[in-house]
Amino acid sequence: MPREGGVVDEQAMKGIGRQIKLPWSKAVEIAAKSMKVRMGRSVVTTASIVLAIAFLMSILTGTTLTTSLRTRPQQEVLRVREQLEQVEAGAIAPFAFPDGLSEDQLSREISSKRKRAEEDETDPLVIQRLFDEVAVAEAARQVLRADTDYQRARAMLDWQVSNARLELTNIENEWQRLVRRLRLEGVTGLSVEVTRAPPERGYFRMLAEEMEPRDRWLGVVAVMVCFVGIWNAMLMSVHERIREIGTMKCLGALEAFIIKLYFLESSFIGMTGTFMGILIGFVLSFVRASWAFGFGPLYSYFDFGGALLSAVFTLFIGSALSVLAAVFPAYRAAKYDPVVAMRVEE
Amino acid sequence: MPDSIVRTREVKRFYEMGDTKVHALRGVNLEVYAGEYISIMGPSGSGKTTLFNMIGGLDKPSEGKVYIDEVDVAQLDAYELAWLRCRKIGYIFQTFNIIPVMTALENVTLPMTFAGLTSDEARNKGAELLDKVGLGDRLNHKPFELSGGQQQRVAIARSMANDPAVILADEPTGNLDLNTGQEIIELLKEMNETAKVTIITATNDMKMLSASDRIVWIRDGRVDRIEKRSDLDIDEGKIGGVEDL
Ligand SMILES: Nc1ncnc2c1ncn2[C@@H]1O[C@H](COP(=O)(O)OP(=O)(O)OP(=O)(O)O)[C@@H](O)[C@H]1O
Ligand SMILES: [Mg+2]
């Protein structure tokens with residue numbers, strides 16, 4: 001601003017100062033106060049953000065959970081298959097022989113299981129497992145009966161192999177059951193036969209490849225709902241406080257301070273909503289997935305990293321949205337001419 | 001000659017409304033001296049609020065100059081203006097404009113916060129000011145728990161927060177009944193006498209003129225005439241120029 005030299009000197013002499021910038025802590029204090037009082041409305045706004053974020057989170061977590069269910073068991077099958085090969089080659093002996101087994105007990109177990117497998121069971125998966133368990137028990141009986149160290153060593157090797165087979169059977173059975181459930185849920189492109197390792201890939205690659213087109217679309221809508229929700233809430237908040245803003249300016253508030261106030265309010269609402277949304281979204285999708293696939297497999301193949309990344313990603317989106325959506329309303333509040341503001345009838 | 005605290009020189013303010021120009025102020029020359037109590041009288045639409053906005057640094061003249069403490073307001077940047085509004089000028093409004101989410105004390109300490117006082121300093125000073133306006137026992141009341149008169153007292157305490165040179169009160173009694181209004185005027189007069197703060201008020205009401213040192217009559221955006229208190233026959237409630245209104 002061009003000034004005449006004389007004017008500057010005069011003003012300096014008369015001592016017009018420059019308004020200080022207030023620290024964030026003051027803005028936090030005042031924003032917190034106004035939010036506490038306006039809790040009712042904040043709750044309503046927050047609710048819409050919670051819903052949108054919960055929705056987004058459940059889409060992301062849902063994809064993560066389903067993907068972990070279809071990839072992790074396959075990895076497990078391959079691992080156990082490899083283990084079996086190594087046991088058969090005598091390279092490793094991963095199973096510890098239990099103490100306190102008696103021959104009588106084993107014999108009874110063998111005959112009852114064999115009988116069940118031959119007479120009662122109809123499910124081929126269960127029959128297979130029963131036969132494998134019989135084999136384990138028979139091998140154990142051989143270990144107990146061994147007279148020489150050599151016989152005992154042979155029997156122990158058998159026992160290890162039959163244990164490894166049983167484990168493989170179990171894991172393959174579980175995989176087959178999961179495949180059935182996943183197919184029921186509309187997941188396609190699954191094969192009961194595990195022939196090669198599922199792809200190792202990062203979280204976002206996984207999302208890009210595994211997310212259903214419908215979910216992708218819904219996710220975008222959720223993000224937009226969230227954005228518009230915060231935007232609208234902040235505009236309302238500015239509108240109902242035009243006078244208050246004008247008054248604050250008359251009392252010496254700088255524009256930067258008003259902007260800080262609105263950013264803080266928006267971030268706070270956004271953050272609370274986002275945190276609650278993440279929690280609710282996670283719980284919902286977990287409950288839904290365990291309804292569809294069973295809690296057991298969901299728990300044992302739970303992809304902690306993926307769930308965490310979903311939460312972090314959602315948190316990032318929620319926070320970015322609350323900041324972005326506050327830009328225009330905060331700017332508008334700060335620029336409000338106090339003269340106009342004071343003319344507004346309330 | 002006493003120091004002039006507010007000086008306006010040929011202040012004009014017009015609003016462009018499409019093709020027509022609305023003249024709110026048509027050239028106001030006014031000098032207010034430090035420590036004075038001035039009332040600005042004029043019919044509705046005569047430009048009182050517009051003039052207040054000029055003096056208060058809330059609006060800039062279309063033409064002419066406004067000096068506060070001999071500083072040309074038009075030359076100030078945003079930071080200097082905020083400083084001016086915060087420390088040199090106290091505002092009182094017809095509608096009180098107490099910030100509804102804050103207690104009486106918080107309202108009074110807000111300008112102090114803007115001026116950089118610590119919370120403790122502000123709290124002590126705020127309590128003292130509220131005590132002075134007779135609300136020593138209402139520090140933590142919210143505005144909706146206070147009557148209009150009490151809210152205006154809070155506003156007076158708030159306007160005094162940073163020991164301003166001038167208090168601008170635009171129809172401070174406009175929303176109050178006669179008695180309460182007179183109490184507010186008395187309180188303003190008291191502030192004027194004890195704290196030596198210059199007071200400029202606008203009013204429509206003859207009965208609110210008794211405290212004034214001078215009365216500035218404005219009409220149609222111009223200063224019509226200025227009367228000294230000594231010229232007036234206030235006790236009788238008859239003031240020269242009533243018929244002119
Ligand atoms: N923003 C604006 N746009 C157009 N005209 C305006 C604006 N502000 C004020 N005016 C006009 O300026 C004139 C003076 O208005 P002002 O508010 O100063 O009057 P006043 O003396 O304060 O009246 P009152 O006693 O009713 O408060 C009026 O004719 C008004 O219509
Ligand atoms: Mg007015």
Side-chain angles (χ1 to χ4, degrees), chain A residues 1-4 6-23 25-27 29-39 237 240-258 261 265 334-335 337-346, chain B residues 13 49-50 52-54 56-60 67-103 106-116 119 142 144 155 158-159 161-162 164 168 170:
Chain A
M1 188 186 292
R3 281 182 184 168
E4 296 155 40
V7 178
V8 173
D9 286 344
E10 201 184 351
Q11 294 192 176
M13 215 173 63
K14 279 291 181 180
I16 287 279
R18 296 174 67 76
Q19 188 70 314
I20 51 163
K21 279 193 177 139
L22 284 183
S25 60
K26 282 288 168 199
E29 210 180 295
I30 293 175
K33 220 171 274 165
S34 96
M35 269 179 289
K36 216 166 76 190
V37 173
R38 294 184 168 88
M39 210 51 194
S237 170
E240 74 187 23
R241 271 193 264 177
I242 289 173
R243 273 243 201 178
E244 195 176 311
I245 295 165
T247 309
M248 283 206 180
K249 283 189 154 185
C250 288
L251 300 180
L254 289 168
E255 286 179 5
F257 185 74
I258 309 268
L261 279 189
E265 179 165 338
K335 288 286 170 199
D337 184 351
V339 175
V340 179
M342 298 326 250
R343 273 184 185 271
V344 170
E345 287 297 329
E346 275 184 352
Chain B
R13 180 70 165 104
T49 299
T50 311
F52 268 79
N53 291 339
M54 300 293 151
L58 301 177
D59 196 4
K60 287 185 173 153
Y67 298 91
I68 300 204
D69 226 357
E70 297 305 334
V71 174
D72 180 0
V73 176
Q75 301 286 338
L76 302 181
D77 67 17
Y79 287 88
E80 291 165 331
L81 264 179
W83 188 91
L84 188 88
R85 292 173 189 165
C86 185
R87 303 181 182 239
K88 275 261 150 121
I89 302 172
Y91 301 84
I92 293 171
F93 308 94
Q94 178 175 350
T95 48
F96 321 134
N97 287 348
I98 302 297
I99 294 175
V101 296
M102 297 185 181
T103 64
E106 285 163 355
N107 264 283
V108 176
T109 55
L110 187 62
M112 302 181 195
T113 305
F114 290 148
S119 307
K142 288 274 164 64
F144 61 85
R158 186 175 68 183
S159 73
N162 292 320
L168 295 175
D170 190 4

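Chain letters run A, B, ... following the sequence lines, proteins first and then strands; every chain starts at 1.
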- Sort out for me which of B:Met102, B:Lys142, B:Glu106 touches chain A most, counting heavy-atom pairs under 4.5 Å. B:Glu106
- Task: Let me know if A:Lys249 has heavy atoms under 4.5 Å from chain B in its side chain, its backbone, both or neither.
- Result: both
- Message: Give me the atom names and distance for the closest heavy-atom approach of A:Leu22 to B:Thr113.
- Response: CD2-O, 3.1 Å
- Task: Hey, could you give me the CD1/NZ distance between A:Ile16 and B:Lys88, rounded to the nearest 0.5 Å?
- Result: 5.0 Å
- Rounding to 0.5 Å, atoms CZ (B:Phe96) and CZ (A:Arg243) come to a distance of 10.5 Å
- Task: Check step by step if side chain to side chain contact (heavy atoms under 4.5 Å, CB included) holds for B:Arg158 and A:Thr247.
- Result: CA-CA 11 Å; B:Arg158 186 175 68 183; A:Thr247 309; 3.5 Å; yes
- Tell me, out of B:Gly90, B:Cys86, B:Ala161, who's got the most heavy-atom pairs with chain A below 4.5 Å. B:Cys86
- In Å, rounded to the nearest 0.5 Å, how long is the span from CG of B:Asp59 to CG of A:Asp337? 6.5 Å
- Where is the tightest heavy-atom contact between A:Leu254 and B:Ala78, given as atom of each residue plus distance? CD2-O, 4.2 Å
- Task: Starting at CG of B:Leu76, measure out to CD of A:Gln19 and round the result to the nearest 0.5 Å.
- Result: 12.5 Å
- With sequence neighbours left out, the residues meeting side chain to side chain contact (heavy atoms under 4.5 Å, CB included) with B:Asp170 are B:Thr49, B:Phe52, B:Ala202
- Roughly how far, to the nearest 0.5 Å, is the CG atom of A:Leu251 from the CG atom of B:Leu110? 5.5 Å
- Taking only residues two or more places apart in sequence or in another chain, which ones pass side chain to side chain contact (heavy atoms under 4.5 Å, CB included) with B:Pro100? A:Glu244
- Message: Rounded to the nearest 0.5 Å, what separates atom CE in A:Met248 from atom CG in B:Asn97?
- Response: 12.0 Å
- Message: A side-chain contact here means heavy atoms from C-beta on lying under 4.5 Å apart; do B:Phe114 and A:Lys26 qualify?
- Response: no
- Message: Using every non-hydrogen atom in the two residues, find where B:Gly116 and A:Ile20 come nearest and quote the distance to one decimal.
- Response: CA-CD1, 3.3 Å
